[in-house]
Structure formats: C-alpha cells, structure tokens
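Residue numbers start from 1 in every chain, and the chains themselves are labelled A, B, ... in the order their sequence lines are given, proteins ahead of strands. Since the structure is predicted, the reported quantities are computational estimates derived from the model, not experimental observations.
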Number of protein chains: 2
Amino acid sequence: MTAPDILNVGHDCGACPIRHRAVCARCEADELQTLEQIKYYRSYQAGQTVIWSGDRMDFVASVVTGIATLTQTMEDGRRQMVGLLLPSDFVGRPGRQTAAYDVTATTDLVMCCFRKKPFEEMMSKTPHVAQRLLEMTLDELDAAREWMLLLGRKTAREKIASLLAIIARRDAHLKLKNAKGSTVFDLPLTREEMADYLGLTLETVSRQVSALKRDGVIVLEGKRHIVVPNFDRLMEETGDDSDGGMLV
Amino acid sequence: MTAPDILNVGHDCGACPIRHRAVCARCEADELQTLEQIKYYRSYQAGQTVIWSGDRMDFVASVVTGIATLTQTMEDGRRQMVGLLLPSDFVGRPGRQTAAYDVTATTDLVMCCFRKKPFEEMMSKTPHVAQRLLEMTLDELDAAREWMLLLGRKTAREKIASLLAIIARRDAHLKLKNAKGSTVFDLPLTREEMADYLGLTLETVSRQVSALKRDGVIVLEGKRHIVVPNFDRLMEETGDDSDGGMLV
DNA sequence: TCGGCGCTTTGACCTAAATCAAACTGAAAG
DNA sequence: CTTTCAGTTTGATTTAGGTCAAAGCGCCGA
C-alpha cells in the first residue's frame with residue numbers, strides 16, 4: 001500500500017521538510033496548510049530533558065536535528081534506553097494523555113512539534129495520515145523486537161557490534177564511504193548511553209570497544225570517530241543472520 | 001479520543017465476538033458485514049507453527065482461544081520470544097508482505113483471520129479502524145518497551161516475578177480470586193518458553209521459581225498451577241515502581 | 001599555562017547466571 | 001502395571017559481565 005521509500009519522496013514545502021516527508025508524503029495542499037498552521041519548533045540543549053515520564057504531553061513531534069533518547073528508570077536507578085530518535089524520527093502518542101518515558105536531548109536538539117488536539121482531528125479526517133502513522137509505529141515495533149533479541153540473547157561483543165552497525169546504517173547523514181570503501185561515522189552517544197542502550201555497564205562497553213579495536217574490526221580516531229574498514233566483518237560480529245539484515 | 005475500555009464495550013454479533021470487540025467496537029453495521037464476509041477461522045495444535053519468519057502472510061488475525069508466541073532465532077539456535085499472544089490479541093502487519101517472526105501455537109489455538117487485501121481496503125475507507133489499529137500497535141510498543149527494561153536490567157528473580165505478574169494480570173480469563181483473596185492461575189508456558197520470554201536458561205527459571213516458592217511468594221500446585229497468596233508481595237519482587245504498574 | 005572536570009580506559013576481584021550432568025515426576029502409551 | 005519420555009528439578013562447576021578502584025585524556029575556562 002505504502003511504498004517503503006515514502007520517507008524520501010516528500011515534497012519540500014516550507015520550513016519543515018523532514019516533518020512533512022515523515023508523515024505527509026501524500027498530503028494534499030489543504031492538509032499541508034493545516035499542518036503549517038499548527039506546527040511550531042522547540043530547541044533543547046544537550047542534556048536537557050524534553051519531557052518526564054508521566055508528564056502531560058500535549059504535542060507530537062518529529063526530530064529535525066540532533067538526537068534524543070527514550071529511557072525508563074527503575075526506583076534504584078537502573079536505566080534502560082528504549083528508544084533512540086534520530087532526525088526525521090517521530091515521537092508522540094496520538095490518543096494518549098501522558099508521556100510513557102523520559103525523553104532527553106543527548107545532543108543539541110530541534111524538534112518540529114504539532115499540538116496534539118488539532119493533529120488528532122486532522123488524523124481522523126485524513127485516513128492516510130493515520131495509516132502512515134500506523135506504518136511508522138509498526139517499524140518502531142519491529143525495531144523494538146530486534147532490540148529485545150539483542151538484550152536477551154546477545155553477548156556484550158555482539159551487542160556493541162550491533163549498535164555500531166545500527167548507527168552506521170540508520171544515520172545516513174553521518175554515514176560516509178571514504179576512498180578505501182570504509183564506513184566512517186561519529187558516535188552520537190557516550191559510553192554510558194551506549195551501556196543504557198545495550199543493557200551493559202559502561203566499563204563493559206569500553207572494554208568491548210577496545211577489543212573490537214584491538215581485533216581490527218574498527219579503527220578509533222579519538223573517542224567518538226569510528227572507521228569501519230570492512231562492514232561485512234562488523235556484521236559478522238553482530239550475530240545476526242548474514243542476509244544483510246533484511247527484515248524478512 | 002478512544003476510551004481505554006473500548007475492548008470491553010463491543011457488541012457481540014455473530015460467531016467472532018472477540019474479534020469484533022478488538023477491532024470494531026465502533027463499526028457500523030455495513031462494516032461489520034464486510035468483516036463477516038472476509039473472515040474465516042483456522043485451528044492449530046499445540047506446538048504447530050502458524051507461520052515462519054519470512055513467509056508470505058496474506059492475512060491478519062486475532063486469537064480466539066489458546067496462546068501463540070512470536071519468536072526470533074539466531075543462526076546458532078539462541079531464541080528470544082518477542083511477543084506473547086493471548087485471546088483477543090491481534091497479529092498481523094497491515095501493509096507488510098511477509099511475517100517478521102516465527103508464530104507458534106504453544107497451546108491448541110483458534111484464530112479468526114481476515115484476508116489482508118480486503119481488510120486493508122476497509123481500513124483505508126474507515127478511518128476509525130486504522131486509528132484503532134494504531135491504538136493497539138502503540139499498546140504493543142509500550143509492552144515491548146517494558147519488556148526491554150526487563151531484559152536489559154532486571155535480575156533473574158525480578159524477571160520471573162514480572163512474568164508471573166504479567167500473566168496473572170493480563171490473562172483475565174485465567175485470573176481468579178479465591179476465598180482468601182489469593183490470585184490463582186495456570187501457567188500457559190513451559191519452563192523453556194518462560195526462559196525464551198525472559199532471556200534466561202530454563203535451569204535458571206526453574207531455580208528462581210523454586211526460590212519464590214521457598215520464600216512463600218507463590219505456592220505451586222503441580223508444575224503449572226500457581227497460587228499467589230499476596231499479589232502486592234509478588235509486585236514487590238518485580239522491581240517495578242510501586243504505583244500498581246499504571247503506565248503513566 | 002594550569003587546573004579542573006567530564007568522560008574514558010584499565011586492572012583486580014567478585015558474583016549471578018550459564019553450562020554440564022544427573023536424577024526426578026507424572027502423564028500417556030503399550 | 002510397566003515403560004517411556006517430555007518436562008522439570010537439583011547439584012557442581014565455570015564464566016561473562018558486574019563492581020570497585022585508580023589512573024589517563026582532552027578540552028574548556030581562568
């Protein structure tokens with residue numbers, strides 16, 4: 001029904017192209033106008049909390065630039081990241097009153113927000129918007145289930161390799177092929193954030209990153225800049241099926 | 001927009017009340033008729049595979065009776081359950097060609113299926129169906145993220161307690177309060193299935209169930225019948241916030 | 001130029017859960 | 001009534017990853 005590349009076929013119309021591409025690739029002019037009317041931007045500094053779990057959340061939004069995380073925290077402080085939001089990702093729960101997770105800006109962040117009430121009204125009048133949102137939510141559910149396999153069954157080394165592969169693949173903006181065909185990118189997360197993503201401690205993350213470096217799977221330039229000389233080699237370390245990670 | 005108890009306000013109309021309640025609480029007569037026309041039932045025996053990951057899946061369905069699981073398997077056999085389907089749960093991916101996970105009947109299973117093509121057509125004509133499905137998918141996403149916290153950060157004992165609490169709460173059909181206020185239910189999973197749910201080995205599951213029994217948190221009658229004398233006591237063992245598990 | 005302070009690395013040690021192995025239980029089949 | 005066998009329990013041992021502790025490394029601001 002909806003082409004998988006719909007994210008990339010959007011018309012740029014106004015100040016928030018990503019947003020429109022993300023949700024409204026098939027919007028007609030009047031719907032785009034509605035969106036224009038109810039949208040606004042918010043900026044956050046690195047480290048700032050966007051919203052706390054349980055707080056009233058009267059908007060939905062998409063990330064324009066920067067990175068945000070969704071995390072859950074237990075009473076004694078154990079933390080688990082449950083979502084990683086890169087540019088063009090959607091956040092918000094149409095039909096829900098409150099936030100279910102802490103949302104935090106891990107880098108400087110700009111979000112394009114839409115007041116929830118009018119957004120929901122538009123949704124109920126425009127079937128393909130609800131369908132598009134369903135589509136995106138199913139994608140997130142797939143990602144969450146892939147993540148569950150990682151958390152439940154992968155070794156620390158496999159977890160690290162998987163995370164590097166995910167970031168390298170998903171964050172197309174940062175991903176580059178240099179002359180020799182290496183994949184190059186900057187880690188947008190601290191060791192602690194990686195640990196919260198992977199269900200590890202930051203020490204274990206550090207050790208396994210060092211091990212991958214020692215074994216030549218990655219080259220570290222500084223603490224954050226990663227060079228992957230051979231992406232297939234990295235993929236072998238993830239423990240995933242070798243069919244290129246195609247979600248079948 | 002949608003009342004949270006919508007699952008319980010449905011009209012019983014014909015042979016598949018659960019199905020209609022799950023997706024069509026607000027359907028008008030002609031939509032129900034459409035559903036009646038495209039629905040059919042399938043039965044599976046305990047242990048049978050409903051569909052393999054990667055197979056073409058040309059239906060969506062809801063569980064009528066019995067229990068099904070979604071699992072992912074790594075090349076070397078490590079398995080992680082990523083979904084547990086109880087009666088009234090929905091399975092299927094509108095807009096997707098193929099199954100993303102193995103779906104297996106863990107007990108005898110009856111599903112009410114709808115051919116995907118006409119179902120999708122109805123969806124695009126009937127905004128509230130797409131919205132309802134979005135609603136349900138968001139619920140699943142919440143459950144998946146709760147599950148991620150469990151997999152990433154909980155101890156074996158907390159995992160077991162959490163699973164028992166989830167089953168006791170979620171499977172309202174099996175849940176009973178007896179004279180003394182105990183919660184009583186039958187475990188619908190083997191130790192191995194519990195292990196695949198929790199990211200543990202079956203031996204660890206067995207040991208921790210024994211430990212909870214030794215400590216009086218649960219009483220075991222046979223291998224499968226569980227009595228929880230004090231549900232709050234069980235909840236304390238889960239590591240979850242004490243506010244009754246309300247998803248805020 | 002120098003502290004100071006996040007962030008990271010590395011080392012020594014410990015422990016929760018995995019692994020390996022054996023025995024037990026109970027229901028179904030003969 | 002016995003056998004069988006899937007599912008389960010329990011014990012002994014190992015190990016991956018956690019915990020605690022101490023440096024190391026930039027980078028920013030004074």
Output the rounded distance in Å from CZ (B:R207) to P (D:dG11). 9 Å
Among D:dT9, D:dT8, C:dT9, find the nucleotide with the atom closest to the side chain of A:L202. C:dT9
Could you state the CG-C1' distance from B:L187 to D:dG7, rounded to the nearest angstrom? 13 Å
Please round to the nearest 0.5 Å and tell me the distance separating atom OG1 of A:T98 and atom CZ of A:R56. 9.0 Å
Nearest-Å distance, CG (A:L220) to P (C:dT10)? 10 Å
Scan A:G199 against the nucleic acid and name what it touches under 4.0 Å (heavy atoms): base, sugar-phosphate only, or nothing. sugar-phosphate
Pair A:Q72, B:R145: side-chain N/O donor-acceptor within cut-off below 3.5 Å: no
Without decimals, in angstroms, what is the distance between B:D196 CG and D:dG7 P? 12 Å
Does A:R191 place a side-chain N or O at less than 4.0 Å from the phosphate oxygens OP1/OP2 of C:dG6? no
Confirm from the modelled atom types if A:R157 and D:dG17 form a donor-acceptor pair under 3.5 Å, side chain to base only. no
Using rotation axes that map the C1' atoms of four end pairs onto the next four (five pairs an end), what angle separates the end axes of the helix from C:dT1-D:dA30 to C:dG30-D:dC1, to 10°? 30°
Just N and O in the side chain of B:S206: are any of them under 4.0 Å from OP1 or OP2 of D:dT9? yes
Heavy-atom nearest nucleotide on DNA chain C taken for A:K223 and for B:Q208; more 5' hit belongs to A:K223
Is the phosphate of D:dG7, meaning OP1 or OP2, less than 4.0 Å from a side-chain N or O of B:T190? no
Which nucleotide sits closest to the side chain of A:E203: C:dC20, D:dC25, C:dT10? C:dT10
Nearest whole angstrom, please: distance from the P of C:dA18 to the NZ of B:K159. 7 Å
What do the steps show when you test A:E237 against A:K159 for salt bridge (charged side-chain N to carboxylate O under 4.0 Å, His left out), and what is the final call? CA-CA 9 Å; A:E237 296 283 351; A:K159 286 178 177 184; over 6 Å; no
Would you confirm whether B:Q208, through its side chain, and B:V205, through its main-chain N or O, come within 3.5 Å as a donor-acceptor pair? no
Could you give me the CA-CA distance, side-chain angles and deciding distance for B:I226 and B:V184, then say whether side chain to side chain contact (heavy atoms under 4.5 Å, CB included) is met? CA-CA 6 Å; B:I226 306 268; B:V184 176; over 6 Å; no
Are OP1 or OP2 of D:dG18 and a side-chain N or O of A:T201 less than 4.0 angstrom apart? yes
For C:dC7, does the base pair up with any side-chain atom of A:E192 as donor and acceptor (N or O, under 3.5 Å, distance only)? no
Pairs where residues 186-219 of chain B contributes a residue and the test ring-ring contact (aromatic ring centres under 6.0 Å, His included) is met, not counting sequence neighbours: B:W147-B:Y197
When rounded to the nearest 0.5 angstrom, what distance separates OG1 in B:T183 from CD1 in B:I218? 12.5 Å
Using whole Å, report how far NZ of B:K154 lies from P of D:dG18. 18 Å
Just the rounded figure in Å: distance from P of D:dT8 to CZ of B:R224. 5 Å
Run the salt-bridge test on B:D139 and A:R93 with the 4.0 Å N-O cut-off and return the result as yes or no. no
B:R214 atom CZ is separated from D:dT10 atom P, nearest whole Å, by 10 Å
